[in-house]
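What follows is a single structure, written as structure tokens, with notes after it.
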Amino acid sequence: MTRPLPGAVVTPGGHPATTTATATYVFAVCHGCDPAVLTGLAGQAAGAPVRLLRFGSLEAVVQDVPAEMFGEEALRERLADRAELEHCARAHHAVVAAAAGRAPTLPLPLATLYLSDERARAALREDENRFRSVMGRIAGRVEWGVKVYAAPGRPPPTRPERTGPTTTAPTTTTLTATAPPETTSAARTNTRPGHAYLDRARGARRAREERQEAGLNAAASVDRALRDIAVAGRRLRSHDTGVTGAGRVQLLNAAYLVDEGREADLIGAVELLRTSPGYERVELEVTGPWVPYSFVDGGDLDADQ
């Protein structure tokens, strides 16, 4: 997500729009985009063409939208509805993707609006140098998303005892000693129900802790492996179970900036990790390629969010 632009007047939590009939919605900033690729795109307002607005040496991809529908209160209500939020996000992405398919493109956040073309041009012009710098960094690169979830209900894998350097995993044999009948009987007599319950509770807690630790270690290994392939990586805020689903705990939510042409390397690395020992407790999800939304704010590319 990029930082708020100077002069933006209608954003969630921002300043309300005035009573002007239309506002200027800005989807992205690009350089050398062919306006023909925007023809027919619906954008955020049916019937209003998506067009280019030149400022300095760059162009903004914009559209006139009804100001009353994009005022602070109206926009907050619309984006609070999940279905409406998804609709707006998909419309925004469709325009950004169309421009990015033809020219270096820097996507702007959902619902970046200005009172007029003149306000938009003036505000964007102030950030022209930053835009050019970011576009130079993401040109020829795409974003891939990787999420790691704890696999529910899977028992922890057996950890074989190491007997020394070897190229293959050692085979272990578990021997179970059987207590003499009289010892077992005495144990039953002396074991209280409350003690047995506490033992089971402690065992269950230890098992949960071991699964959590193993899952976090696997997620960290995934992140390290993919950063070796990517130009940059960014760990994003993890989603809670309200988004991922009940019992589906997210251990890693990350984005990776990858050179075009190296997609197969990233996918191959993920597939290799999926089948590697130690990853039985996690599930890996890969999405992409995307326009590099997570790498356009000009900050530290390897910073967590």
Side-chain angles (χ1 to χ4, degrees), residues 1-31 33 35-56 58-103 105-128 130-131 134-135 236-237 243 290-294 296-298 305:
M1 194 66 79
T2 64
R3 63 181 176 84
L5 297 172
V9 296
V10 186
T11 60
H15 301 293
T18 66
T19 56
T20 53
T22 62
T24 301
Y25 186 110
V26 186
F27 296 91
V29 170
C30 56
H31 178 60
C33 183
V37 305
L38 307 177
T39 302
L41 294 175
Q44 301 288 9
V50 178
R51 55 190 173 83
L52 295 177
L53 175 68
R54 190 167 186 82
F55 66 97
L58 302 175
E59 308 97 35
V61 182
V62 305
Q63 184 181 36
D64 294 331
V65 295
E68 68 274 11
M69 292 181 60
F70 286 84
E72 181 183 15
E73 293 301 324
L75 195 58
R76 183 184 294 115
E77 290 180 7
R78 291 174 60 200
L79 299 186
D81 179 86
R82 177 166 290 188
E84 185 68 16
L85 173 61
E86 182 176 348
H87 171 77
C88 291
R90 287 183 180 276
H92 184 92
H93 175 68
V95 174
V96 172
R102 290 295 185 89
T105 299
L106 188 156
L108 297 188
L110 182 68
T112 297
L113 294 99
Y114 299 85
L115 289 175
S116 64
D117 283 4
E118 291 71 23
R119 294 282 190 94
R121 183 181 286 112
L124 295 171
R125 184 66 184 267
E126 291 181 5
D127 261 0
E128 182 179 356
R130 183 177 70 87
F131 291 150
V134 174
M135 281 193 284
L236 309 175
R237 184 178 294 107
V243 176
W290 306 104
V291 178
Y293 286 93
S294 300
V296 298
D297 64 1
Q305 290 184 344

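From a predicted model like this one, the values you see are computed outputs, not experimental measurements.
- In this structure, the ring of Y25 has its center less than 6.0 angstrom from the ring center of H92.
- Here the shortest heavy-atom pairing between V134 and V296 reads CG1-CA, 3.7 Å.
- Within the model, atoms CZ of R130 and CE of M135 stand 10.5 Å from one another, a figure rounded to the nearest 0.5 Å.
- With sequence neighbours excluded, the residues satisfying side chain to side chain contact (heavy atoms under 4.5 Å, CB included) with R78 are M69, F70, L75, E84, C88.
- Considering only residues two or more places apart in sequence or on other chains, L52 meets the side chain to side chain contact (heavy atoms under 4.5 Å, CB included) condition with C30, C33, P35, L38, E59, V61.
- Counting all heavy atoms, side chain and backbone alike, A120 lies closest to V26 at CB-CG2, 4.5 Å.
- For the pair V291 and A97, the tightest heavy-atom approach, listed with the atom from each and the gap, is CG2-CA, 4.2 Å.
- With respect to R82 and E86, no salt bridge is recorded, no charged nitrogen being found less than 4.0 Å from a carboxylate O.
- The distance from the CZ atom of R125 to the CZ atom of F131 is 12.0 Å, given to the nearest 0.5 Å.
- Screening residues 40-49 for salt bridge (Lys or Arg N to Asp or Glu O under 4.0 Å), with sequence neighbours left out, gives no hits.
- Taking the six-membered ring where tryptophan is involved, the planes of Y293 and H93 are tilted, since the angle between them lies from 30° to 60°.
- Applying the salt bridge (charged side-chain N to carboxylate O under 4.0 Å, His left out) criterion to E77, with sequence neighbours excluded, gives no partner residue.
- With sequence neighbours left out, the side chain to side chain contact (heavy atoms under 4.5 Å, CB included) criterion links A98 to L41.
- Listed by chain and residue number, D64, D117 satisfy the salt bridge (charged side-chain N to carboxylate O under 4.0 Å, His left out) test with R51 (two or more places apart in sequence, or in another chain).
- Note that CG of D127 and CZ of F55 are 8.5 Å apart. Values are rounded to the nearest 0.5 Å.
- In terms of modelled atom types and a separation under 3.5 Å, the side chain of Q63 and the main chain of A48 share a donor-acceptor contact.
- With sequence neighbours excluded, no residue forms a side-chain hydrogen bond (donor to acceptor under 3.5 Å, both in side chains) with D81.
- Every residue two or more places apart in sequence or in another chain that forms a side chain to side chain contact (heavy atoms under 4.5 Å, CB included) with E118 is listed here: S116.
- The structure places CG of L124 at 7.0 Å from CG of L108, a figure rounded to the nearest 0.5 Å.
- Take R102 and apply the side-chain hydrogen bond (donor to acceptor under 3.5 Å, both in side chains) test, not counting sequence neighbours, and it matches no residue.
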(message) Run T24 and R119 through side chain to side chain contact (heavy atoms under 4.5 Å, CB included) and show every step you take.
(response) CA-CA 9 Å; T24 301; R119 294 282 190 94; over 6 Å; no
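- Closest approach of A45 and V65 over heavy atoms only: CB-CG1, 3.9 Å.
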(request) For side chain to side chain contact (heavy atoms under 4.5 Å, CB included), just list the numbers for Q44 and V95, CA-CA rounded to whole Å, side-chain angles, deciding distance to a tenth of an Å, and then say yes or no. (result) CA-CA 9 Å; Q44 301 288 9; V95 174; over 6 Å; no
(request) Decide yes or no on side chain to side chain contact (heavy atoms under 4.5 Å, CB included) for L85 and L110, but give the supporting numbers first. (result) CA-CA 10 Å; L85 173 61; L110 182 68; 3.8 Å; yes
